[in-house]
Every structure is written in structure tokens, then in C-alpha cells.
Amino acid sequence: MIYDEETLYLAQLCENLSRKICDSLIFQQYENTRTKMSQDDTAIAMKANFQKEKEIYEDLSRFGEYVPGIKEQRKALYQKKRQLDLCKTVADFRQAETQLQELLDGVCQQVAQSFSEDVKVNYGNPFFATTKSDCGGNCHAS
């Protein structure tokens, strides 16, 4: 790639945007909740327990759905996941993470649409998508 004045200017704009996002309240909340979660002994223990159950389940699932004990292990895995999800520091972190992701998705969408309304941007979790598509859901467009 050849760097000219325009390329350097665009790189500077990207750095400025990145700095502004890092200075935003949403990013600060994300960093605070991430720090709290990483220092919470309960959350760390729950995550380790979940990872252990997940590894056991993955080992069993290699042999198919009818291996003895797979249903019990799946239930134990879901219980550990639920415990982890209900931990306040983990829940707060995930909420902050979702808010940051929504901010980043919005920035990407704005940049793309500044070029054309027809530009498709793949972003976010489609499970939580709130926008509607004109094609009735058959085009896989955002």
C-alpha cells in the first residue's frame, strides 16, 4: 500500500475516533466492570467451574448424544452457566460489553451509510437485532 497525504489523514482520523471512543462514558463503564469482574473471587471461581464442566461435556459430546451420562453432564453445564450468568459482576460486565458493542456497531453503520444507503454492515448479535429489513427476512441483510 502506498501512503500518501490522504491515507495519513484518514489514519489520523481513525486514531482520533478511537481515542474519543476510549474517552467515552460507555467505554469507561466497560473497563470498570471488566476490572471488577477480574477481581471478584466469586466470579473467577464460577467461571473456572463452568470451564471445567464445559470441558467434561465437550469430551463426552465427541462420542455423540447417546453416550452414558451426557444428559446429566449437559444439565450440570447449564446449571453452572446459569450460576455464572446470575453473578452480579458478570451480569454488569456483559451489560457494559453489550452497550460498547452497540456503540461500535453504530459507528460502523454511520461510516458505511455515509458512502451509500445500500452498503450492508454485518454487526452485532442478530438475536438482539431491533431493526427490520425490507425483504421479509430472506435476504440475510442487516
Side-chain angles (χ1 to χ4, degrees), residues 1 3 5-142:
M1 176 177 207
Y3 290 99
E5 289 297 318
E6 185 175 341
T7 305
L8 294 175
Y9 176 71
L10 290 174
Q12 184 64 40
L13 287 176
C14 288
E15 287 178 23
N16 291 342
L17 177 60
S18 175
R19 212 173 298 118
K20 290 212 182 274
I21 290 172
C22 289
D23 291 340
S24 72
L25 180 60
I26 291 174
F27 183 78
Q28 297 304 318
Q29 289 172 337
Y30 169 78
E31 284 292 308
N32 290 339
T33 57
R34 187 172 66 139
T35 301
K36 285 179 185 176
M37 185 180 70
S38 68
Q39 295 172 349
D40 183 3
D41 293 334
T42 305
I44 292 169
M46 286 181 177
K47 187 174 180 181
N49 288 336
F50 170 73
Q51 290 293 346
K52 185 176 120 187
E53 292 293 331
K54 184 178 173 188
E55 288 173 13
I56 294 170
Y57 177 76
E58 286 173 349
D59 285 344
L60 284 176
S61 66
R62 290 183 304 140
F63 302 107
E65 285 296 310
Y66 301 106
V67 68
I70 189 94
K71 289 182 182 179
E72 294 82 8
Q73 188 59 42
R74 185 181 309 124
K75 184 177 179 181
L77 177 64
Y78 289 158
Q79 288 172 342
K80 296 294 182 188
K81 175 77 168 116
R82 179 80 174 143
Q83 288 174 353
L84 184 62
D85 289 343
L86 291 176
C87 179
K88 179 160 176 39
T89 53
V90 174
D92 290 346
F93 169 73
R94 289 196 177 141
Q95 184 177 15
E97 184 179 43
T98 300
Q99 289 174 347
L100 178 61
Q101 186 63 51
E102 287 172 355
L103 173 68
L104 296 173
D105 292 344
V107 169
C108 290
Q109 186 70 31
Q110 264 188 312
V111 169
Q113 290 192 351
S114 69
F115 296 104
S116 169
E117 291 289 324
D118 297 329
V119 174
K120 304 289 189 253
V121 178
N122 186 10
Y123 64 91
N125 185 344
F127 183 74
F128 298 108
T130 56
T131 59
K132 303 260 189 231
S133 177
D134 293 339
C135 64
N138 294 325
C139 68
H140 305 290
S142 299

Practice problem: Decide side-chain contact (heavy atoms from CB on, under 4.5 Å) for Gln99 and Gln95; before the verdict, give the C-alpha distance in whole Å, the side-chain angles of both, and the deciding distance to 0.1 Å. | Solution: CA-CA 6 Å; Gln99 289 174 347; Gln95 184 177 15; 4.2 Å; yes

Quiz item: Does the side chain of Glu65 come within less than 4.5 Å of Arg74's, by heavy atoms?
Solution: yes

Side-chain donor-acceptor pairs of residues 40-48 under 3.5 Å, sequence neighbours excluded:
unit_1: Asp40; atom_1: OD1; unit_2: Thr42; atom_2: N; d: 3.1
unit_1: Asp40; atom_1: OD2; unit_2: Thr89; atom_2: OG1; d: 2.7

Self-check item: From CG (Leu84) to CD (Glu53), nearest 0.5 Å
Solution: 12.5 Å

Quiz item: If you take all heavy atoms of Leu60 and Gly69, which pair is closest and at what distance?
Solution: CD1-O, 4.1 Å

Quiz item: Rounded to the nearest 0.5 Å, what separation is found between the CZ atom of Phe50 and the CG atom of Leu77?
Solution: 5.0 Å

Quiz item: When rounded to the nearest 0.5 angstrom, what distance separates CD in Gln73 from CD in Glu55?
Solution: 11.0 Å

Quiz item: Between Gln101 and Asp105, do the side chains contain an N or O donor and an N or O acceptor separated by less than 3.5 Å?
Solution: yes

Exercise. Over all heavy atoms of both residues, which pair between Cys22 and Phe27 is shortest? Give the atoms and the distance, please.
Key: O-CD2, 3.2 Å

Exercise. Please name the pair of heavy atoms, one in Gln113 and one in Gln109, separated by the smallest distance, quoted to 0.1 Å.
Key: NE2-NE2, 2.5 Å

Quiz prompt | Non-hydrogen side-chain atoms of Arg94 and Asp85 separated by less than 4.5 Å | solution = yes

Quiz item: CG of Leu17 to CG of Leu13: how many Å apart, nearest 0.5 Å?
Solution: 8.5 Å

